[in-house]
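Read the numbers this way: they start at 1 and go in the same order the structure lists the ligands and their atoms. Treat the numbers as computed from the prediction; the structure is a model and nothing was measured. Numbers here are sequence positions counted from 1.
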Amino acid sequence: MAGVKRSLAAMMNLSEGPVSVEGRLRPYAFINSSSDASEVTSRTPTPPFTPSRGKIPNFSSDASLALVGLRGSGKSTLAIMAASALKKRVINVEVAFQSVTGSSSSSFKQINGNAECHRKQAEVLQDIIEQNPTGCIIVCPWMERKIQSLLRQFSATNPVIHVIRDIDAIQSHLKLNDRTKAHNLMKMSNIFYRSCTNLEFFNVSEIRETTLDGNGMNDRGFATNTPPYLALKQAERHFLKFLSLIYPAGTIPFFESAFPLASIAPEDRQFTYCLSVHIQDILSGSQDWETSIVGVDAVQIFVNNLTTAGDLLDGVDGLANKITEAIGIVRRSTMLPILLHIKLPEVPNSRVVRSYLDLLSHTLSLAPEMLTVDLRLDQSDLSSIISAKSRSKIVGNYFVSTDIQSWESSTWTSWYQKACQLGCDMVRLVRQATTMEDNFVISRFKSKISSLKTHKLPLIAYNSGHLGRHSACFNQILTLVAPSPVIQADERCAPYPYITAKEATNALYASFVYDAMKLYVFGANVGYSMSPAMHNAALSSCGIPHHYEPYSAESLKAVENLIYDPNFGGASIGLPFKVEVTTLTKYLSPHARAIGAANTLIPIRQLKSDGTIPTGSALLAGVNRAGPVLALYGENTDWIGIRACIRRGLSPANAVRLATWGFIIGAGGMARAAVYAMLQVGIKNIAIYNRTTENAEKLVSHFQQLLRETEQTSLPNDQEIKFHIFTSLDQPWPSEYRYPSVIISCIPTHPIGNTPSPEFRMPDAWLGHQTGGVIIELGYKTLNTPLLKQARDGASRGWVAMDGLDLLPEQGCAQFELFTGRRAPRRVMRREILENYRDEHGKSHLEELQHRLQSIVEQDS
Ligand SMILES: O=C1C[C@@](O)(C(=O)O)C[C@@H](O)[C@@H]1O
């Protein structure tokens, strides 16, 4: 690569310059733990801190974005993924350069010299930026000082994202044999790009994931064996998640998760937990995500590499790189919100404080969902950090382990008020417990805070240490928890959590805050159902003592005594009651109403003052508590499961576009859920085939009617949706339609009574979609249906097969969240289904399912 040999100075305008942390140090006014926060904050003799990356503006949804970074960092692939999701056009500056000059940058340089080439490049970029402030994704690999200042200008209004990748990937892409050279190149490019970008994205490399150890884990502790389409899928999901955090909510249509808890922040729920993981354990891969993530609501990345002595363990840039990578790794493996916590030493010197502030500013560019700021710092510095943030929530944090004030001291209220005044989004106050009594005094402090007139911020407050476990268990939101039971505290991570999420949950039930509930699956014949095994495994992994049982009944009448039992916690509804159950419910969710069926029943024990049923977080606040059942709420999670399967199975190449066609086989209740799910991923053209055409017509007119209703809010009010009914499989696929890329079979896969299984096959000619797609068979009694065989045979043409074993856990995860108000342990549920599967003859298929067991991911679809 041409740029490799040049010096850094030659590549950058040092006067405009990269941000150098050194040389910008200044004396620092610091507040000690016993001071009154509001008093001391006014003593600030030094000029306020200016965030090194500047303020992240609020971008408009249509704002063009620029992707910059070294060659080999994956910008172009990310651009394509983002282009279809954001409906933006990709402009590669190098391609634009060629069309303007007729030659590539490197040939142009050879003929016209460096200076002329750079002048021309700047001209091309300037033109692109000026002409395309909206609607585009600009990919720019150039590193020149004029380019730097153009990007910097652009970043005042638009997202300019520095894409980083691990050194191995860069080294292999650029074919650099010399490791030191690769290191230096990355170092230079980081300095260069960080001075002209407002955001940073770590593109987790798939390369390392191929180096399996004996456990099928890669060197970061993730399950591997990932099929290639899924690996790309994870990359796509990761990047779109990042984009969804920087653009206004709703910018990426159909991206947001449909799972019930996804739209309710952990601080708006009850008893939520934040797993604390040391950054080194994330980077080294020693973290076992599969088990440690169960029952938690957020992940805290704990960074304590700032030393009191004034030296940083890795230097600011080194630590910034680590934080970038750690956030990338966590976000790639879980959809849980990330809280980044950099621990400031108890008595830091001014140099450390300065580095801390620079790291906070850097971290904001990574768009963590939450970031702590140390409330001991002076008001003006904290204000400049807080005002630089975009959508990250700021947690005002105060913890010291020496010179500890009692919870009764007014100091604690001052810290709280300081956080309120600063514009934090939450406050976290933790103190080391010295006596058991500390656990009770804290409730007086919490009452005091709730009675404050200014009280408005969610409060995380408890005692740390072994003696403080009691108050940690009863803290309401985002209590820090350890990955596994603590035998010895991790000295690196003070305040180290001494409890796990499971232990804290156990405590809630043991102390009668919550009650053990009874859950069921109701149906005509649910003796075969795998839901009990799946839900009971999930409950026990989270420490929830509820019990889930199958209950076969001839009619819904027979279950009435169960659903009005004071300990009834909810039920899954199987065939044939999914429609009839809607007559028992006082309220149906908009989805269940649109589909006309429910598969989930939730008891309501508290009504709103107007007699209606609470929704959102208030609905969840009523779960896990026994008492008279006043009403029933019906939801349909089948469509959530189908939607999740579509999203998981569709490779980035098959991302839903305007011309995408879906094809549904069947016209019963599940087919309705399938149409609804297709509409909810943005598919606008849906073809249906059913043996009895009349039922297909009824299905279509149900949805056409629904789409015309202006008062329904759960579907796009869109007249553009096209339906087509096939009356025979011998018809040709209409030439004016694209071939379908999402195919869902909603008919039984096994014989029922005297009716043989339909043995459905797609006409081969209809599987003509160029890049394949996803074929989902909703049944699971037989895994080797002719349709699934067709899908597997088409794997080399891009077809992905999914079946009922993929669907069942997805719809079950959504139910689990409604039953318990807790995040479903997705991997546990997915694993349990595969391990427990028995076909219609009662035979296990463990060996055949091995590869699926090995590629289970935690990630939401
Ligand atoms: O269709 C099904 C299957 C099921 O009824 C079962 O028997 O496991 C459970 C329901 O939640 C789901 O909608």
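For ligand 1, the atoms sitting less than 4.0 Å from at least one non-hydrogen atom of Ser531 are 6 (C), 8 (O), 9 (C), numbered in the order shown with element in parentheses. Near Ser529, meaning under 4.0 Å from any of its heavy atoms, are these atoms of ligand 1: 6 (C), 7 (O), 8 (O). Residue Gly574 approaches ligand 1 through these ligand atoms, each under 4.0 Å from one of its heavy atoms: 5 (O). Remark: ligand 1 atoms within the under-4.0 Å shell around heavy atoms of Gln815 are 11 (O). For ligand 1, the atoms sitting less than 4.0 Å from at least one non-hydrogen atom of Asp638 are 12 (C), 13 (O), numbered in the order shown with element in parentheses.
Of the N or O atoms in Gln811, one or more lie within a sub-3.5 Å distance of an N or O in ligand 1. Ligand 1 has a nitrogen or oxygen under 3.5 angstrom from a nitrogen or oxygen of Lys578.
Proximity of a side-chain donor or acceptor of Thr637 to a complementary backbone N or O of Gln811 within less than 3.5 Å is detected.
Salt bridge status for Arg826 with Glu810: absent, with no side-chain N to carboxylate O gap under 4.0 Å.
Considering only non-hydrogen protein atoms, atom 3 (C) of ligand 1 sits nearest to Leu808 CD1, 3.9 Å.
Considering CD1 of Ile688 and CZ of Phe663, their distance stands at 9.0 Å, rounded to 0.5 Å.
With Asp297 as the fixed residue, the salt bridge (charged side-chain N to carboxylate O under 4.0 Å, His left out) test singles out one of Arg823, Arg269, Arg822: Arg269.
For His591, the ring pair (Phe, Tyr, Trp, His ring centres under 6.0 Å) partners at least two apart in sequence or on another chain are Trp639, Tyr676.
Using a 4.0 Å heavy-atom cutoff, Ile573 is listed among the residues neighbouring ligand 1.
The two atoms that bring Gly804 and Pro809 nearest to each other are O-CD, 4.4 Å, heavy atoms only.
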Would you give me the side-chain donor-acceptor pairs under 3.5 Å for residues 514-524, sequence neighbours excluded?
from: Asp515; atom 1: OD2; to: Ala626; atom 2: N; distance (Å): 2.8
from: Lys518; atom 1: NZ; to: Asp565; atom 2: OD2; distance (Å): 3.1

